[in-house]
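In what follows, a structure is listed as structure tokens, so that the remarks can point back to it.
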Amino acid sequence: MGKKDKRSRDEFEGDVYTSNPNPYLAHASSSSSLASAPSSSKMRINMDASLPPAPTSGPFAGLIPGQTTAKQAMALEDGHANPFTGRAFTKRYRDILAKRRELPVTAQRDEFLAMIQRSQMVVLEGETGSGKTTQIPQYLLWDLLPHLNGKMIACTQPRRVAAMSVAKRVAEEMDVEIGAEVGYSIRFEDCTSNKTVLKYMTDGMLLREAMMDHDLSRYAAIIIDEAHDRTVQTDILMGLLKDLCAKRRPDLKLIVMSATLDAEKFQKYFNDAPLLSVPGRTFPVEVFYTPKPEPDYLEAAIKTTMLIHATQPPGDILVFLTGEDEIEDACRRLRGEADRLRSRAAHDAPKPGPLLAVPLYSSLPPHQQQRIFDAAPEGGRKVVVSTNIAETSLTIDGIVYVVDPGFSKQKVYNPRIRVESLLVSPISQAAARQRAGRAGRTRPGKCFRLYTEESFDKDLLPQTYPEMLRTNLGNIVLQLLNLGVQDLVHFDFMDPPAPETLMRALELLNFLGAITDDGELTRTGQLMAEFPVDPEFSKMLIEAPHYKCSMEMLTIVAMLNVPNVFLRPNDRKKEADAAKAEFAHKDGDHLALLNVYHAYLHNQRDAKWCSANYLNPRTLKSAENVRTQLSRVMTRVGLPLVSGDASKKAYYDQIRKCMTSGFFMQVARAERGGKYTTVMDNQTVFLHPSTCLLTNAEWVMYNEFVMTSNHYIRTVTAIEPGWLLDVAPSYYDPKAVPEGPARDDLARIAKTRAVAKAIEDRKNKKARTDEEDQMMLEQGRAAQKQGRGKQERRRK
DNA sequence: ACTTTTTCT
């Protein structure tokens, strides 16, 4: 830790004033001085950015903020009344308190306090069951007493559900109502109040707040939890906060909490911040490897599961596979095998128990997801076959055996062809450990890895590649620019993305008009950053009023920002396809989505109607949520909510043209035999079989490029090539388009237009001269008249 | 020629 960390509080206060004499200035000079001014509470930038003065009376008397001990806090926790509310502690509180005192982290409370009191940043490493997520924020609360000077402590989580459930737990632990002293803030749900001093929130939510207040001045401390997840949001937050701590908030405390043994990397990144290691509390898991590599992991997984079922003591099994189809298939086969095993068992031999095979993946409707918590059948066992959702997001108690084939679907981004795709790839060692750990939550367990130990050591990466290196950065770059980070190349990423990926993002934003050639955020870019969607979508929304289709664009963008609404159960594919055809629009999938949403509202959002039509009511509900949020943003930034006349022929043209203004970079032109070629990079692609496009459209725009058994374009709508010249003239300058039929088309249209324009110009020019002549004549007459008038007056 | 992973604003 640097010299700064050892300074006294007085020096810190001095620092605050010298480094930032006028906080308003810092704010105004940032690039996000948008039309939508920050709300007044957010403008309340504290001139006194340091700790509150030591209270001389009241329940906290005797504590010196930033210098307390565990003993002092524990005495108050053990007291009669809750110092934060004044109310007497409940019995339930005391019961929970007793359990909290047994958590591994409790033993290190003083050690933690000592570290954070002498260092601005601390890295904390703790496995599951250590209690770090619930306790550390409370320890800080008792030490910094942020409520005494109107500040808060934030603890960020990568996932919404975690933020919400941990907040609820901690509210109980502190004997307060959720939303009062302890609250949470996630998209669509702000459960906080002016009383809130401890706030759990998603990383994305804190990033949004940072856009309005670059200094995050409401917070006395920020805790980044689950940092090992390395989500894009976590990574950006770490970069921002590191910089903020060093430059503008020397008083801000930062704790980075991580689960894996990768803490040294975090430590190094945070300028050798001190590290606290907290042991976890889980049961031991015995790990087994296969002696030889398995040629087919699905076969091996089924074989292994059956073997466990037949030979191992009671206990449920968790099998990790990669996707929906694979999982459903595996479940069917496991059921079959188990039945066969039971019917074939010899009379004298013990009969193996029944096997309950339950699938688990995110798109599963909630009531089916609930089935993973069903009890195993009498005398038998339960197998949960899951995607990596069971790795971190969902915990199933009672799992004793884990089958880990070592694969998951992972997003990869290829900046050269600007395509994100999902690939079945080997997992990392960290992920493998995480999977194994799922067997030891309630008692000692076993993990069967379907690969060799040598392969684990040699082939698996220690950590999963951070998402930042596997994703399209369009939206992230826009956000960073809006956060006032001008110099992206030198932004302190923990793992810097490939320069080509950054280039692609800047190029995209430039084509969309969000940034200038020099990389400066434009007014359009500032507006775009206000919308919680990718830049192509926000561009569509901003352009919508010009095309008189704000309402329609809101619906389409919302529908494209939730998971697929169309259900297609394996045993009812035909019926589902027929139901979907009812919503089809001849010009493409985007307009079909519009039809679906209208029908959904028209049928009073009825869940029964949804299922009868093979639509997912849950996704439609969230589409409505997204739509409401987006429309609020539009109103806030002053974009009119207008709609065209649906009975006019031009109505759908306007909508399609508006979509083209956002997605003009994703356009393909038909070839023979149902093939298409993408216009800018000459990729051969096929319409995804799910498309409802009825015409043989020559030109189409698409939403997604998917690589599965083939190159497909998904969610496709027919467009007119001429629109491309209107919405992106420089991008579609025929000279810039690769040679081929697409370029020929564009060149022909451009030429026809040029000729037409020349004729029009000449006509206009003639008309103008005629008009001018006429005007001059009239002016002349008027002057004559006036002149005569004057003469007449003079005569009088 | 024949179909989707996870999460967040």
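A note on names: the letters A, B, ... follow the listed sequences, proteins ahead of strands, and every chain is numbered from 1.
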Can a donor-acceptor pair be found between the side chains of [X] and [Y] at a distance below 3.5 Å?
{"X": "A/Arg433", "Y": "A/Ser428", "value": "no"}
{"X": "A/Asp404", "Y": "A/Tyr451", "value": "yes"}
{"X": "A/Glu326", "Y": "A/Thr322", "value": "yes"}
{"X": "A/Tyr219", "Y": "A/Glu209", "value": "yes"}

| said: So, applying side-chain contact (heavy atoms from CB on, under 4.5 Å) with A/Ser408, which one of A/Ile427, A/Thr464, A/Leu422 is it? | reply: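 Exactly one candidate clears the test, A/Ile427.
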Whole angstrom value for the distance that separates [atom2] of [N] from [atom1] of [X]:
{"X": "A/Asn696", "N": "B/dA1", "atom1": "CG", "atom2": "P", "answer": "15 Å"}
{"X": "A/Tyr200", "N": "B/dC8", "atom1": "OH", "atom2": "P", "answer": "18 Å"}
{"X": "A/Asp229", "N": "B/dT7", "atom1": "CG", "atom2": "C1'", "answer": "10 Å"}
{"X": "A/Gln629", "N": "B/dC8", "atom1": "CD", "atom2": "C1'", "answer": "11 Å"}

Nucleotide nearest [X] (side chain, heavy atoms from C-beta), chosen from [options]:
{"X": "A/Pro689", "options": "B/dT3, B/dC8, B/dT7", "value": "B/dT3"}
{"X": "A/Asn710", "options": "B/dT9, B/dT6, B/dC2", "value": "B/dC2"}
{"X": "A/Leu422", "options": "B/dT6, B/dT5, B/dT9", "value": "B/dT5"}
{"X": "A/Met205", "options": "B/dT9, B/dT3, B/dT7", "value": "B/dT9"}
{"X": "A/Ser393", "options": "B/dT9, B/dT6, B/dT4", "value": "B/dT6"}
{"X": "A/Glu467", "options": "B/dC2, B/dT7, B/dT9", "value": "B/dT7"}

So [X], base contact, sugar-phosphate only, or nothing? Heavy-atom distance under 4.0 Å.
{"X": "A/Arg208", "value": "base"}
{"X": "A/Arg160", "value": "sugar-phosphate"}
{"X": "A/Glu324", "value": "sugar-phosphate"}
{"X": "A/Asn388", "value": "sugar-phosphate"}
{"X": "A/Tyr712", "value": "sugar-phosphate"}
{"X": "A/Thr231", "value": "nothing"}
{"X": "A/Leu687", "value": "nothing"}
{"X": "A/Ser408", "value": "nothing"}

| query | When the ring planes of A/Tyr600 and A/Tyr597 are compared, do they come out parallel, tilted or perpendicular, using 30° and 60° as the limits? | reply |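 A/Tyr600 and A/Tyr597: tilted rings.
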| When you measure from every atom of DNA chain B, which of residues 556-564 of chain A have a heavy atom less than 4.0 Å away? |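 A/Asn564 - these, ordered by number, are the residues of the stretch whose heavy atoms sit under 4.0 Å from the strand.
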| query | Is a side-chain N or O of A/Asp534 found less than 3.5 angstrom from the main chain of A/Glu536, in a donor-acceptor match? | reply |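 Checking the backbone N and O of A/Glu536 against the side chain of A/Asp534, no donor-acceptor pair under 3.5 Å is found.
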| Can you tell me if A/Asp589 uses its side chain to pair, donor with acceptor, with the backbone of A/Val716 under 3.5 Å? |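 Judged by distance alone, yes, a pair lies under 3.5 Å.
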| said: By nearest heavy atom, map A/Phe188 and A/Lys409 onto DNA chain B; which one lands nearer the 5' end? | reply: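 Its nucleotide being nearer the 5' end, the pick is A/Lys409.
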| Want to settle it: does A/Pro532 or A/Gln410 sit nearer the 5' end of DNA chain B, counting the closest nucleotide to each? |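 Going by which nucleotide is closer to the 5' end, it is A/Gln410.
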Can you tell me if the side-chain N/O atoms of [X] get under 4.0 Å from OP1 or OP2 in [N]?
{"X": "A/Ser362", "N": "B/dT6", "result": "yes"}
{"X": "A/Thr202", "N": "B/dT9", "result": "yes"}
{"X": "A/Ser690", "N": "B/dT4", "result": "no"}

| Aromatic A/Tyr465 / basic A/Arg470 pairing, under 6.0 angstrom, 45° off normal |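 Cation-pi check for A/Arg470 and A/Tyr465: fails.
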| said: On the side chain of A/Arg159, is there an atom forming a donor-acceptor pair with the base of B/dT6 - under 3.5 Å, no angle test? | reply: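 Not at all, since no donor on one side and acceptor on the other fall under 3.5 Å apart.
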